[in-house]
Structure formats: C-alpha cells, structure tokens
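Take a look at the structure set out below.
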Amino acid sequence: MKRLLVVTFLTLILIVLTLASRSPRPVAEKMTGRSLAHRGEIVAPQSEKKHLDAGTLSALEVADRFIENQKKELGFQKHHSLQSVSFRTPLKTVVKYSVHEGEIPLMGLGFEVEVDGQMQVTKFENNYRPLLPGSGGSASAPEFLLERLSPRYEVVENDPSFMTPIYFASAQAAKPELAYILRVRDRAGARRGPQQIIFRASDGQILSRSRSRSEF
Amino acid sequence: MKSVHIIFLVGCLLLNACTQELAQQCGSADLNLDGLVRLREGTAALSGPKASLVMPNPLDATRSLQALADSPALLNYTALFPLTALSSSSRLENTFIKIRRNSTTQAATVFSGDFDFSPDTAEYAESMAYYSTTAMLLYVEALGFTVNRKRPLYVLTNAPGQYEGDINAYYEHNQFESTLPRIIHLVGDGDFSPAIDRDMYWHEFGHLVNESVTFDRGLDLAGARGAAFTEGSALHECLADYAAESVGNKDFIGKWIARNFDEYDGGKPLRSAIDASASRPTTFTERLLNDGAGKVPERYQVAEICTRVLWEIRSQFTEYEPAKGAVMADRMILSAAGSLPTDASIRDFHQALLGADKQLHCGINQRSIRAAFESRGVKLNPPDLKTPLQFYYKPIGIQEYEDLNGQSLLRQSTFQEADYVYFQIQVSNPNTTTAHNVRVYAESGSPHLLSDVYMQGLGDLAPGQTIQVGLSQGLSVFTYGTSFIMDHAGYSGRPAYQIRVTAENGGESIQAGVLQ
C-alpha cells in the first residue's frame, strides 16, 4: 500500500512536469485582421505565409517582399523610392523604410515592418501617403533665407548639414514643399543647446524645430 | 522498490528534457558570454593600437579628491585600452565613429601612432572618446542588437558652449533627416573636463543606443520637439545612465563632472543607482508628483529612480554570477526597450520588462521586476479615475522681434501677426485618486498650424490638485506649454485645433477651438 502511494505520487509529479514543459511559448500574440494598414495604423498582415518562403530568407528580405506585396494596395507612387535600415535585437528584427523623391527624403513618411525569429511578419506600421511630386518648387536665395532666420537663430557655421534639402508636407497637404534643415542655436528660446530647424525653401517660413538632448 | 527507482530515473530524464526545451524556447542561447565579459572589462583585443588611459576618470580611478587632470601621480593609474577598428593608425576615426575637437568640419587630428598622452591634453580626450564609444558599440552589438551605423557619429571633445563657462554634454540625433550625422558634444575644458570621463561618452552614446534599440520610433519624441518633461525623457536618461553604470559595473555616474558644480559635495555623484542618501526621495511617487505650486517632475531625478529599479533587477541577476548576470540583465533591459511605443511611459517600460523576461527567461524574474517597480510606487494597474480631468485653456499669439541692441526676444501679439501660438492651461483633478502621467496635447486641424511642442508631460496630479501653465502665473508657458508654429502664407482664415488632456489611469478630455 505504501509503495503504491509513492508510485502514484511520483507519477503525478511527472504528469505535472510534462504538462508544464508543453505550455505555450510566451511570445507576443499576433494581431489578426486587415492586411492593409491605413496611415498611422499598426496591424499584422493576414496572409504573409502565402507569399513568403520564410525558411530561406533573411529578415530584411522578408520585409522587402512584404512591402513589395503591399505597394499597390498602399497606392505607392512611381516617383517615390524606399531606403531601409534594419535593426536586429535578440527577440526580433525591425526594418524601417524612409520614402524619398529622387535623392530627397520626405519627412515623416515611411513604413516599419517587424519580423520575428521564425521569419514571420508580426507587425506593420504604415506612415505613407501617396503625395504628388514635390519637385519643381521654387527656392529663394540662401542669403535671403538666412537673413529671415537671423533675428532668432544663430547658424552653426561651416557645418556640412548647412541647408540640407528635405520635402515637408503638413498632415492635410497633398503635395510636399521643398524645405531645408539647418543646425542652429536659438537666441531667444527658454531652452538653449543645439537645435535643428526646418524652413520652407521659397520664403524661409519655419516649419518644424527639434532640440538636442542635454546632460543637465 | 525497484519500480520506484525506475520511475525516479524516468522522471529525472524527463525533467532534464523539459529544462532543455524551456531554455531553447526562451531564446537564451547564442550569447558568447565570455567574450561579452571581456568586452565589458576592456580586455577583448589582444593586438592593435592601444591608448594609455586613466579609467574611468581621475577621481574614480584614484578615489582621491586631490586628483586633477595634470596630477603626476595619475601615471600610476594608467592602463592600456584597445583602439579597435581604426581606419588608419594615425587618425581616431573609422566609417562610423569620427573624433573631432570642436567642429564636424574639422579634420581629424593626426597622431604618430602613439596614444600615450597626459590627461590634461586634447589628444588624451580624443583617445578616451574613441575608446569609450567603440567599447560601448562593440558590447551592445555583441549582445545581439543593431546600432544604426548608416550615419556617422561625430564626437566633439571640446565643443563650443552655449555661454561663457558652460559645462555640459549634448546628444544630437538629427531625427528629421536620414542622412545627417549624429553628434555628441562634450562642452567645457576646465579642471574637471567631461571629455576625460569615460562615463560621459557612455551616457551620451547610450542615447544613440536607445534610439537604435527602439528602432528610431521616438522613445521621447515630444522631448525632442521641446517638451520640458515627459516620462519618455526620463526613460531616455535612465537607460543612458544605466548603460554607463552597468557596463562600468558601478552604481553611480558623474562624480568627476559633479566637481564642477557647487551643489555637489566633493566626491558625490550626479546620480546614484542605489538609495545612497536618506534625505533624497527614493520613489517615483515623490519624484513624479506635480504639486501645482512649483514642484514639477524633472527628467534626471525621475531617471535616477528608474536606474534604481533597473539596478535592483540587475542585482537579482548578478547575485550568483556577477559578470554573466550583468550581461543577461543588460540584454533583457535593452530588449524591453524594443517594445516601447513612441513617447513611452514608465508603466510601458514596466510592462515591456515583464514581456522581455517572459521571452528571454521564461518569466522567472516576473516577481522581482514587479517588486522593484511597485516598491517605488509604480503599479501596472493603478486605480482608475472616475471622472476625466478638467481643464481650461487660452491660446496666445507670440511674435519674435529684435530689440535695439540686436537681442532676440519674444512678445505677445495678435494671431494675425504671430509666429507661434502657445496655450495657457489650467488642469484639475476632481477625483479622490491620483491622476498618473498627465499629458497635454495640442493637435492641429489646419495646414497653417504646424506641429511644434505637440505634447507636454505634467507628471502625477494629486486628488483635488490644480496645475496652471501661463504667461504670468504658474509654470512658464514657454517651458511647459504646448505650441504651434503659424504659417500665414496664402491664408487669412481661422485655423482649427484641439487640446487633449489625458491621464494614464483615466479617460481623456478634449476641447476643440479656432483661433479668432
């Protein structure tokens, strides 16, 4: 009787251990739903397994193929091109795509594709809009533009980023405007330190500002 | 009796199989732990150029307040550290990291191939800059993370200050454009120059790492756009401090640079990852509170509490295996950052750490992660607010102008003449529970109101408490206010917008408006 009890007890322990080892792997749940993300939405694709031969592809290739398959549905324009940066972590790879027209980037437009360790696309973020071409916009002389900025901003001299071109489109615009990025110091701001400003190429209007991260 | 033995044997075999499967499923393989430990200790490279350096700085190396950059006794504390992956033996640069003194347009200093300089020289600072940034880069990459090398990183060891006597360090991410370089600015070359302290480089490089491991999503995008405080800004500083502290294997940062400032007694660090002083707050609860009377959360103070949480978690890992445990903790913490959203909160980070632990370590640290946050006042699910926050606001036009002395100033103006629109606001918590992570958003409904400081974090608001942000009352609208840039081109209408106020444990309040 005593032996039977011991055997039963050990058998129960074995069953518990076996069940524990088969519990589902703790990974982030995949989202289901639409295959097309509207601007700014994050969704997981519906049918990535259908068109991805995940076993032999790198995460970047998986993401590239995924984007190629989405382009038509997203209304991706022929005058736009993509540049990618791939970020690997121990848990996943994220490929970020920035949108360019010719050599000039379009500020804020792009895609983000997340690929897990099994080479499955688990997340897709769409920040693309099918904007009209921005080329052909007029630009004023650099001297005029700097004159307009000078009361407020001190230009960091001789910098390679001096007036780097970029296309800027506000949330409601159908067509981007040519703009420049410049590294400056704010003469009047409450917070000092290096800054970047974006200003319109045609008239010098400030369109956006960003600050550096200071230690104190 | 024999059958019991057999069952016991089978049990052991099964248990062994289960453990192996668990380890494999939890993704804890593929780390060269010994190599990582060598990288942490700066002893990875056996050949190639090396620099003579006092590590991490004269004060920490000698533990003496008498140590200065030109102290002859420092010779006894120098050791050789590898200068890995130089493009040539005479310049401290490669395709990614470029060391310069005060400008990105400057040519790299030409060395003779010898990197043995006194700590009070510019060449020493450059050698320290190259070693430090490279060492952190190699360590983070060996942990399994990509550091975005698509743009160069310039490190300026003696960058121009913002004012006479300025001592500081800046990290410039150049978020807007995908071809511009990243820049670390070390400012100030006095007796206690930040440029000869390894921790300054590790902290600033930590900001670049933060952006890479969060995939450039903007861990603190609002801060980059000008917000005075957000929980994301505190997380950015926390992770940068933690990187310097953990890889340096010491629970503080900034003893050397703190000697420049009167408010720090000699030998006290800028920030500590342990509760070193009974007189200073030790919880998020104290640091995040906005009392409406001038006490506002400050990013570095909140970051310090956050590093204490991380240090406690790290201590769980290092208790049995000091060096390897630290590597495992670093990997989990950076992996957690990869789950953070744009403008992340401290609760987001709490949740992300639990998730990373589940994926990497099958969740064996869940209890200690929860305890570390909860003991400092951050619970994942605080009590919900029964009523949304109440607020009143008033937009004001602000115009830039130049006075007779050529000084650039700001003044109030009509909206038709304004360069910017700022929002004065009063936010009240009518509930009997604290409102956590209160945020104010300004959202444009017009192409002529361009996004500027689109969000400000106001911290935690106690029951019945009111916060005011204004021109002449409460917190300064120019520091704590949200704002738009006005674009008048081809427009004379009344642009629309909305102000949104949220709390992490309650609903949101929205008011729409037009500029009259």
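Every chain is numbered from 1 and lettered A, B, ... according to where its sequence line falls, protein lines coming before strand lines. Because the structure is predicted, anything quoted here is derived from the model rather than measured.
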- prompt: Is it the backbone or the side chain of B:S446 that comes under 4.5 Å from a heavy atom of chain A, or both, or neither?
  reply: backbone

task: State whether B:D452 and A:R209 are salt-bridged, where the test is any N-O pair (Lys NZ or Arg NE/NH1/NH2 against Asp/Glu carboxylate O) under 4.0 Å.
output: yes

query: Going through the distances and angles, do B:Y170 and A:R211 end up as a side chain to side chain contact (heavy atoms under 4.5 Å, CB included)?
result: CA-CA 10 Å; B:Y170 299 96; A:R211 276 77 164 179; over 6 Å; no

- prompt: Heavy atoms, side chains only, cut-off 4.5 Å: are A:R183 and B:L180 in contact?
  reply: no

message: Taking every non-hydrogen pair under 4.5 Å, which of A:M107, A:E114, A:K96 racks up the most with chain B?
response: A:K96

- prompt: Which heavy atom in A:F87 sits nearest to a heavy atom in B:D216, and how many Å separate them?
  reply: CZ-OD2, 3.9 Å

- prompt: More than 12 foreign heavy atoms under 6.0 Å from CD of A:E103: is that the case here?
  reply: no

query: With the threshold set at 4.0 Å, does a side-chain nitrogen-carboxylate oxygen contact exist between A:R213 and B:E204?
result: no

- prompt: With chain A, which of B:L334, B:L449, B:D220, B:V147 has the greatest number of heavy-atom pairs at distances under 4.5 Å?
  reply: B:D220

query: By a 4.5 Å heavy-atom criterion (distance strictly below it), what part of B:I485 contacts chain A: side chain, backbone, both, or neither?
result: side chain

- prompt: What option among B:M486, B:H448, B:E400, B:H488 has the most heavy-atom pairs under 4.5 Å with chain A?
  reply: B:E400

query: Can A:E125 and B:R217 be counted as an ion pair, charged N to O under 4.0 angstrom?
result: no

query: Considering only heavy atoms, which portion of A:R185 lies under 4.5 Å from any heavy atom of chain B: side chain, backbone, both, or neither?
result: side chain

query: Side chain, backbone, both or neither: which part of A:I166 has a heavy atom under 4.5 Å from chain B?
result: side chain

message: Can you tell me which portion of B:S212 sits under 4.5 Å from chain A's heavy atoms? Options are side chain, backbone, both or neither.
response: both

query: chain B heavy atoms under 4.5 Å from A:E154: which part of the residue, side chain, backbone, both or neither?
result: neither

message: Within this structure, what is the CZ-CG distance for the pair A:R200 and B:L450, rounded to the nearest 0.5 Å?
response: 8.0 Å

Heavy-atom closest pair, residues B:S335 and A:L91: CB-CD1, 3.9 Å

- prompt: Can B:S339 and A:K92 be said to form a side chain to side chain contact (heavy atoms under 4.5 Å, CB included), step by step?
  reply: CA-CA 10 Å; B:S339 300; A:K92 60 192 171 192; 4.1 Å; yes

task: Please determine, by modelled atom types, if B:R225 and A:S208 share a side-chain donor-acceptor pair under 3.5 angstrom.
output: yes

- request: For residues A:T89 and B:T146, determine if any side-chain heavy atom of one lies less than 4.5 Å from a side-chain heavy atom of the other.
  value: no

message: With a 4.5 angstrom heavy-atom cut-off, is it the side chain or the backbone of B:F484 that approaches chain A, or both, or neither?
response: neither

message: Please classify the contact of B:H173 with chain A as side chain, backbone, both or neither, using a heavy-atom distance under 4.5 Å.
response: neither

- line: Under 4.5 Å to a heavy atom of chain B? For A:S86 that would be backbone

